[in-house]
Structure formats: structure tokens, C-alpha cells
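Values below: all heavy atoms of this structure, side chains included; hydrogens, waters and symmetry mates excluded. Predicted model only: the values in this text are computed from it and were never measured.
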Amino acid sequence: MHPPHSRRLFALRSVLTRHIGIVNDLQFSPDGASLASLGTTLRLLNSKPSVSHEVCLWDVKSRKVLASFPIYYLESSLGIDTHNVFFSSLLFISRTQLLLGTTNGLLVQLDFGYFHNMRFNVRSLGNSSIEVCHLTRSPDATVFACSLDDDVIVFSIPKRSSVESMRVIQTIRSQGEKAGSVAILHWMASISPSALLIGQRKGCINIWDVQTATQLRHCRVPAIIGAGQVIYNEKHIAIYNTASFSTEVFTLDGGIKIRSVWQEDVSGPGLFLPLLHIAEQSCIVLGSHSGKAYIHYIAKEEPYEVLKTKDPYPILCLAVSYPWFWAKPR
């Protein structure tokens, strides 16, 4: 179903096949030319088939894998025990460099610019039992943040340097009542380049100035049981609730609910697409258990679009690229 007297805005272009299990994370490079994916693949290790968790770098135009990095490279090169260890999150820090978090408290910096001699550096965050999640960077790409359970580490990496020499700017700890682990990290450029929104599982939303470690705003919303994201205008937050199969939109000023979207077979996180080039309004894209993506327009109750994939497998992560934002003039 789609809006009458208008063309469909979404269509399936291709299916990339390499991972054999769940794909944990996806992200496009800043120029939209590459796609990074985290998942399990089948490899030959010592002439025997072996399942490995790895990051793959895809060329968006040709749909081919440019390079890959299995997690057991950390064990073979650095002696780090990677038994039952996985990559948990990823972030492009340049066109050819990725920052990866692991389930054993490591930050791994990969440089894919050297295809025959891939470079990587590792920094331990001090606790091998805590997962590094929600890697994100500031609007000017000079400051980074990640979560460790209910704590947030804000850090910088010097230019032409590696994650080994990262400088920790602040460690923001959960204050007062136990608010649960971090579910959302989002830089609030509309407030300040150093304003970081931290949303925690029990519905506690705080906006911090990471340079001064002061709290700028606070509000409460229902528990974030599934996923949550800040809508592009940075005035609202949407929360996906796995218990009620609904995505609810709240104001960040007071936590007032303004919209609710329900879908029976929805699974995984929602993703918000600012369609400024079409109608100056955002929409919500939801994955589902049946391999369909549902596109709801926030400003309208109906209609919505349904994007069908070829296989009826759950859609558990979503990513978006806006290459026209980065297009270079001729």
C-alpha cells in the first residue's frame, strides 16, 4: 500500500549473501560507497570448515566484498583469547577506517586502505566481561562515545594516530536510581556539538554536555524494551517495545506521547529516514519476523509502504545512506 497519486519511494535493489547467521550490525561509509556488516561466516581454517564472526566491507556499486576481518585474527596476531567473543558494534571513522566494539571490552580500529596488508590496532577498556556497544561520533567527527553496560565513555583519537593513543574525555556513569543499561546514544547537534543524549533501558533520558560533564536536560519515557532512536528533528524520540509490538513517539521536552505505530510481526530496531528531498517529513522503517520492512509516515496514520525481501527471514538491523549529502560538485 502506498500514497495515492504518487510513486513508491522504496524498492528492493539487491540481496547480499555471505553471512550464514544473524547479521548484528550494518553501516554505510560517509561517502555512501561502502557498506560494513557484522555477522558469522563459514571459512576454511587449517583446511577445515569453521564458523567465524567477522566484519565485511562491501562495495555498494558492484555488491562485492572488498575485504573482511574475522575475529580470530586478534587471537592469531595478538594472542587475545577470542573463544565465544564477537564483534558487537561498528562505526566508520573515515572512508577506509572502522572502529569495532567487542563483547570482551575491546575497541578495534581497522584500516581497510591496505588490502594486502590490513592494519589494525586494539585498545582494552579495562573490563573483559562487558560488551562495547552503541559506538557513535560527534557531528564534527572529532569526539566518539560508546557504552559499557550503564556507563558511557567519551573519547577522542588524535589525527594520524590509532585507538591505542585514544584520550578519554569523560566517563558518564548512571546516577541516582538504577536506570538500566544504555539503549540509545545520539549526538544532539541542534543543542550543541558536545551535547550527547543517553537513553537507558528503564526509560531515563538525559542530555549531557560531554565537555563539562553537566546535565542539560532530563525526561522519562516508558521502558525501552526493544530499540529506540531520536528522530531527525531532534525534538522527539521513538521507542520500539517488543512486548506490545508497537513503536511510540514521545517529545523530548516532557516525554509526551504523540504517535503510536503497531505492527504484528515487527522485530528488531526501527530506523528513521528524513525524507527532506521529497516531503520534508520523516518516516519509520520497521523490520519484521517475516522478512518485510514496513515504512510508516510519522505525520500520517495511513497509508504505509511494505517492502518485501526474497526470503522470509527476520530483519534484525537496518542502515541508511544519503550519498547526495556527500556528493562532490563537478
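- In this structure, the side chain of Q109 engages the main chain of V163 through a donor-acceptor pair within 3.5 Å.
- At distances below 3.5 Å, at least one donor-acceptor pair connects side-chain atoms of S138 with backbone N or O atoms of V143.
- Side-chain contact between V182 and V152: present, with at least one pair of heavy atoms (C-beta onward) separated by less than 4.5 Å.
- Under the 4.5 Å side-chain criterion, counting only non-hydrogen atoms from C-beta, I205 is in contact with I237.
- In this structure, the side chains of F87 and N24 stay at 4.5 Å or more apart for every pair of heavy atoms.
- Taking CG of L110 as the start and CZ of F69 as the end, the distance is 5.0 Å to the nearest 0.5 Å.
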Could you check C204 against H218 for side-chain contact (heavy atoms from CB on, under 4.5 Å), going step by step and ending with a plain yes or no? CA-CA 8 Å; C204 181; H218 169 81; 3.5 Å; yes
Verdict with reasoning, E248 to K257, per salt bridge (charged side-chain N to carboxylate O under 4.0 Å, His left out): CA-CA 7 Å; E248 298 173 327; K257 185 168 74 171; 3.4 Å; yes
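- For residues 33-42, every residue pair satisfying the side chain to side chain donor-acceptor pair (under 3.5 Å) rule, not counting sequence neighbours, is listed here: H19-S37, S37-W58, T41-E54.
- Taking the six-membered ring for Trp, Y73 and F120 have ring centres at least 6.0 Å apart.
- Distance alone, capped at 3.5 Å, places no donor-acceptor pair between the S147 side chain and the D151 backbone.
- The shortest side-chain heavy-atom distance between Q170 and I153 does not fall under the 4.5 Å cut-off.
- In this structure, the side chains of I157 and F144 come closer than 4.5 Å at one or more pairs of heavy atoms.
- Note: E131 CD to L125 CG = 12.5 Å, rounded to the nearest 0.5 Å.
- Side chain of W187 to main chain of R137: a donor-acceptor pair is present (N/O by atom type, distance under 3.5 Å, no hydrogens or angles).
- Between the side chain of H134 and the backbone N or O of A183 there is at least one donor-acceptor pair closer than 3.5 Å.
- Residues L16 and K64 have side chains not in contact (no heavy-atom distance under 4.5 Å, counting atoms from C-beta outward).
- A 4.5 Å side-chain heavy-atom check between D111 and T96 finds at least one atom pair inside the cut-off.
- The main-chain N or O of V132 is found under 3.5 Å from a side-chain atom of S88 such that the two form a donor-acceptor pair.
- Although no hydrogens or angles enter the test, the distance criterion places a donor-acceptor pair under 3.5 Å between the side chain of S192 and the main chain of S194.
- The cluster map of Ile, Leu, Val, Met, Phe, Trp and Tyr, joined by side-chain heavy atoms under 4.5 Å apart, puts V154 and W208 in the same cluster.
- Remark: of the listed residues L107, D25, L135, L135 is the sole one forming a side chain to side chain contact (heavy atoms under 4.5 Å, CB included) with L91.
- Side chains of C146 and F155 form a contact here, defined as non-hydrogen atoms less than 4.5 Å apart.
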Apply side-chain hydrogen bond (donor to acceptor under 3.5 Å, both in side chains) to D253 and T251, showing your working. CA-CA 5 Å; D253 183 14; T251 63; over 6 Å; no
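- Just one residue in the list V55, N121, L100 forms a side chain to side chain contact (heavy atoms under 4.5 Å, CB included) with V108, and that residue is L100.
- Side chain of S29 to main chain of R95: no donor-acceptor pair is present (N/O by atom type, distance under 3.5 Å, no hydrogens or angles).
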